Amino acid sequence: MKVRKRISALVLIAAMSLVGVGCSSSNGEGKPARVIRVAHGQNEEHPQHKALIEFEKYVEEKTNGELDVQLFPNELLGASAQALELCQTGAIDLVVASLGNLEAFEDSYTVLNLPYIMDSKEHYHEVMNDEEIMGPIYESTRDSGFIGLTWFDAGVRNVYTTKKVINTPEDLKGLKIRVQTSPTNVKMLEALGASPTPMSFGEVYTGLQQSVIDGAENNELALINNKHGEVAKHYSYNMHAMLPDMLIVNAKLLDELTPEQSQAIVDGGKLANEFELDAWEAAETEAKEKAEAMGVNFYYPDIKPFQEKMVDLHNEYTQNPEMKAVFDKIRAKGDEILARNENKENSKESSETKAN
Ligand code: GCU
């Protein structure tokens with residue numbers, strides 16, 4: 001049923017793009033509105049979907065209905081890699097893509113996807129908000145037909161399993177763990193001794209249920225929004241990745257629209273980013289509470305042994321000069337934050353000593 005729905009959506013898109021129209025509604029002057037199709041893989045409860053509703057409202061209002069934003073959640077227009085391909089051709093205008101999807105196009109995204117590259121949430125958010133680091137990355141895929149518009153928080157990824165509790169990398173030995181179709185994720189799980197099993201997000205629940213896989217790795221929302229917690233009851237905070245999803249836009253779209261319409265898309269993206277970041281934390285806490293209520297156990301292993309297994313992967317990637325340049329910028333920011341926090345801590349201590 002789901003598959004049939006998906007295929008017909010693709011046929012619909014192909015037909016629409018062939019004739020170059022999208023006229024489901026009209027603006028105040030009776031002209032057909034330009035339809036802006038936005039696809040993503042989350043359900044309607046997810047903060048990314050809610051943020052995109054804000055995007056839709058903003059863009060439609062700012063353009064007086066000249067643009068008609070239509071949202072397609074739940075991988076309705078195809079699993080994420082496929083939706084990204086449709087965004088390249090312009091059949092979809094915007095898509096939420098994971099770093100795993102994007103690394104097929106650009107090495108800098110691969111670096112952002114490296115396990116344990118971020119020290120903390122503070123580090124990760126500062127990197128993502130740093131124009132100097134992210135600006136060139138957003139632009140880097142223009143020749144592939146799309147660019148980055150903004151980012152959404154996608155939390156911290158951790159491993160979870162149906163049977164065996166994971167406390168050390170050794171516990172992962174031989175386990176079939178679902179990963180996204182991403183070479184970095186495959187290498188990461190291999191380095192941890194597991195047997196990485198790439199599959200699309202929509203297939204993970206059935207994969208867990210039918211024991212095709214022994215586990216997966218994702219943020220807490222997957223336990224609830226995608227019901228993985230019904231089957232996988234052991235969630236271990238090994239914290240291997242803090243990473244965003246990217247809101248991607250077809251490279252030609254912003255040039256094809258009027259300057260006012262493009263500006264509405266850009267500003268709508270900023271608004272969606274702020275909304276999603278605000279909503280993320282509460283969603284994460286709520287998902288964890290709900291997962292606990294459905295019997296998921298949370299474990300807090302020592303992350304150091306997991307981290308140590310990634311040294312070779314970091315070394316391998318930094319052999320590539322382009323990747324090394326991005327890697328160094330991210331690490332420099334991490335060190336800067338560490339020094340800043342140490343200074344703060346020291347001055348707090350010295351003022352406490354003076355006060356005593
Ligand atoms: C998260 C993430 C998605 C990704 C998915 C997956 O939900 O936000 O971008 O596609 O995990 O593991 O496939």
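Just so you know, ligand 1 is whichever comes first in the structure, and atom 1 is the first atom listed for that ligand. Keep in mind that what you see is a predicted model, and the values were worked out from it rather than measured.
- The closest approach between a heavy atom of Arg157 and any atom of ligand 1 is below 4.0 Å.
- Checked against the 6.0 Å centroid threshold, Tyr235 and Tyr237 count as a close aromatic pair.
- Here is the list of ligand 1 atoms found below 4.0 Å of a heavy atom in Ala154: 8 (O).
- Taking the ring centroids of His314 and Phe327, they lie under the 6.0 Å cut-off.
- Residue-to-ligand polar distances place Asn218 within reach of ligand 1: an N/O pair is separated by less than 3.5 Å.
- Ion pairing between Lys329 and Glu132 fails under the 4.0 Å rule for side-chain N and carboxylate O.
- Closest heavy-atom contact between Met134 and Met128: CG-O, 3.4 Å.
- Salt-bridge annotation for Asp130 and Lys333: present, with a side-chain N of the basic residue lying under 4.0 Å from a carboxylate O of the acidic one.
- The two residues Met242 and Met118 have their closest heavy-atom pair at O-CG, 3.9 Å.
- Nearest non-hydrogen protein atom to atom 8 (O) of ligand 1 is Asp245 OD2, 2.5 Å.
- Closest to atom 13 (O) of ligand 1 among all protein heavy atoms lies Arg178 NH2, 2.9 Å.
- Here is the list of ligand 1 atoms found below 4.0 Å of a heavy atom in Gln42: 1 (C), 2 (C), 3 (C), 7 (O), 8 (O).
- The atoms of ligand 1 that sit less than 4.0 Å from any heavy atom of Gln180 are 4 (C), 6 (C), 10 (O), 12 (O), 13 (O).
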